[in-house]
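Labels below follow one simple rule: chain letters A, B, ... track the order of the sequence lines, proteins then strands, and each chain is numbered from 1. On a predicted model such as this, the values are computed, not experimentally measured, just so you know.
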2 protein chains.
Amino acid sequence: MPPIREMLAESGITEQQWRVLRVLAEHGPQDTSTIAQRACLLLPSLTRIAQKMRDNGLITLARDDTDKRRQTIALTKAGQRIVDDNMDEAAAIVNGIKQRLGADNYEQLLDLLSLLEADT
Amino acid sequence: MPPIREMLAESGITEQQWRVLRVLAEHGPQDTSTIAQRACLLLPSLTRIAQKMRDNGLITLARDDTDKRRQTIALTKAGQRIVDDNMDEAAAIVNGIKQRLGADNYEQLLDLLSLLEADT
DNA sequence: AACGTTTCCTTAACATGTTAACTATGCGTA
DNA sequence: TACGCATAGTTAACATGTTAAGGAAACGTT
């Protein structure tokens, strides 16, 4: 998504980091594996990405108290701000694509893609 | 495509290298930019990939005589052999996906994807 | 011929994709 | 409790994705 990347470059983040931020904004604090699944990232990638995002002050990492294997990730104010600053424009970009394809084609494409990745 | 990757791992190549081999097998010797477009690879990626494939004896690189900026890439026998050894199984894997989705859905998905990347 | 511009490719730098090996923790059970 | 096993993350190593900058050759114009 070149237009999305171009937008995010101004905030200094990548598409993958953006997906992580959005998932956190939508579902609240979560463990690493849940984020990986929701943001379509493999765990090793997310491990690196999360470390960078923590170093950049966008998220916090904390061990879960009841299960010390789990890492709970949460948004910081700086991270929330990037979401707020870009959400509208991101929606507009997606909407532009939807318009170009036509609403019916757009929905159909999403359906077929989810069918494709339904492994069974 | 996990099943494709699993198949190719036995020949010691990646999905991207496989696409380069297939494009060369289908269209014959070509310059780098043409391959990049046909194999859906960016030029910097293809530059590295081609160097590795040459080092591994799968392709040859040669400067074009009429235009010395151009690099002409061609299959070696070893490269052709990997194509021959895997083409049938690759086709079977694709066919399996087609069956699972249904022929109509499969065609429709391809159509929608080409519509999506038709930038205009 | 000389110049500016474009084209083809390469290199560099950083980020992610992908697989395998590894650590730590939790869990079930003998 | 001790053992065996499963789960959650991490690390490592290599390959590719992505953008920007650079180098060489071709091209058009003066």
Side-chain angles (χ1 to χ4, degrees), chain A residues 1-23 29-56 58-74 82 117, chain B residues 1-23 29-56 58-74 82 117:
Chain A
M1 306 281 285
I4 294 278
R5 278 201 297 277
E6 186 179 352
M7 170 188 81
L8 297 175
E10 297 178 24
S11 298
I13 65 172
T14 64
E15 282 185 89
Q16 290 82 353
Q17 293 173 11
W18 171 243
R19 291 207 300 275
V20 171
L21 292 179
R22 288 196 51 174
V23 165
Q30 308 153 59
D31 60 87
T32 305
S33 294
T34 303
I35 295 176
Q37 190 228 322
R38 288 176 167 154
C40 297
L41 294 168
L42 296 178
L43 268 176
S45 291
L46 183 52
T47 294
R48 282 177 310 197
I49 291 170
Q51 288 165 352
K52 277 176 216 162
M53 293 176 76
R54 178 202 51 195
D55 294 347
N56 293 337
L58 304 183
I59 60 175
T60 59
L61 307 184
R63 288 272 160 212
D64 187 314
D65 281 330
T66 68
D67 185 344
K68 293 178 184 170
R69 292 170 305 179
R70 283 192 157 78
Q71 189 83 245
T72 298
I73 301 183
I82 290 185
E117 73 176 338
Chain B
M1 306 281 286
I4 292 279
R5 278 201 298 277
E6 186 179 353
M7 170 187 80
L8 297 175
E10 298 179 23
S11 299
I13 65 171
T14 65
E15 282 185 271
Q16 290 82 353
Q17 294 173 9
W18 171 244
R19 292 207 299 273
V20 171
L21 291 179
R22 288 197 50 172
V23 165
Q30 308 153 58
D31 60 87
T32 306
S33 295
T34 304
I35 295 177
Q37 189 228 323
R38 289 178 167 152
C40 297
L41 293 167
L42 295 178
L43 268 177
S45 290
L46 182 52
T47 294
R48 282 177 312 199
I49 291 170
Q51 288 165 353
K52 278 176 213 161
M53 292 176 78
R54 178 202 51 195
D55 294 347
N56 292 336
L58 304 183
I59 59 174
T60 59
L61 307 183
R63 287 273 158 212
D64 187 314
D65 281 330
T66 69
D67 185 343
K68 293 177 182 171
R69 291 170 305 178
R70 283 191 157 79
Q71 190 81 245
T72 298
I73 301 184
I82 290 184
E117 73 177 337

What residue pairs, at least two apart or across chains, pass side chain to side chain donor-acceptor pair (under 3.5 Å) with a residue in residues 43-54 of chain A?
none
Just grab all the side chain to side chain donor-acceptor pair (under 3.5 Å) pairs involving residues 3-12 of chain A, residues at least two apart or on different chains.
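Residue pairs passing side chain to side chain donor-acceptor pair (under 3.5 Å), neighbours aside: Arg5(A)-Glu15(A), Ser11(A)-Asn86(A).
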Strand contacts (DNA chain C) in residues 59-67 of chain B, 4.0 angstrom heavy-atom criterion
none
Enumerate the residues from residues 4-20 of chain B whose closest heavy atom to DNA chain C is under 4.0 Å, giving them by residue number; use none for an empty result.
Arg5(B)
So which of residues 34-47 of chain A are in contact with DNA chain D, with a heavy-atom cut-off of under 4.0 Å?
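Going residue by residue through residues 34-47 of chain A, the ones with a heavy atom under 4.0 Å of DNA chain D turn out to be Leu43(A), Pro44(A), Thr47(A).
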Does Ala74(A) have any side-chain contact (heavy atoms from CB on, under 4.5 Å) partners at least two apart in sequence or in another chain, and if so, which?
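In terms of side-chain contact (heavy atoms from CB on, under 4.5 Å), with neighbours along the sequence ignored, Ala74(A) is linked to Pro29(A), Thr60(A).
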Output all residues satisfying side-chain contact (heavy atoms from CB on, under 4.5 Å) with Leu42(A), sequence neighbours left out; order by chain, then residue number.
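Counting only residues at least two positions away or on another chain, Leu42(A) forms a side-chain contact (heavy atoms from CB on, under 4.5 Å) with Pro44(A).
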Between the two end axes of the helix from dA1(C)-dT30(D) to dA30(C)-dT1(D), each built from 5 base pairs, what angle do you get to the nearest 10°?
10°
Pairs under 3.5 angstrom only: tabulate donor-acceptor contacts from the side chains of residues 66-73 of chain B to other protein residues two or more places apart or in another chain.
from     : atom 1 : to       : atom 2 : distance (Å)
Thr66(B) : OG1    : Asp64(B) : OD1    : 3.0
Asp67(B) : OD1    : Arg69(B) : N      : 3.1
Asp67(B) : OD1    : Arg69(B) : NE     : 3.1
Asp67(B) : OD2    : Arg69(B) : NH2    : 2.8
Asp67(B) : OD2    : Arg70(B) : NH1    : 2.7
Gln71(B) : OE1    : Ala62(B) : N      : 3.4

Value rounded to 0.5 Å, distance of CD1 in Ile13(A) from CG in Leu58(A):
7.0 Å
Please enumerate all residues that pass side chain to side chain donor-acceptor pair (under 3.5 Å) together with Thr34(A), with sequence neighbours excluded.
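Result, side chain to side chain donor-acceptor pair (under 3.5 Å) vs Thr34(A): Asp31(A).
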Which residue lies toward the 5' end of DNA chain D, Gln51(A) or Lys68(B), if each is placed at its nearest nucleotide?
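Upstream on the strand: Gln51(A).
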Of all nucleotides in DNA chain C with an atom under 4.0 Å from a non-hydrogen atom of chain A, which is the first and which the last going 5' to 3'?
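With heavy atoms of chain A under 4.0 Å away, the range is dA15(C) to dG26(C).
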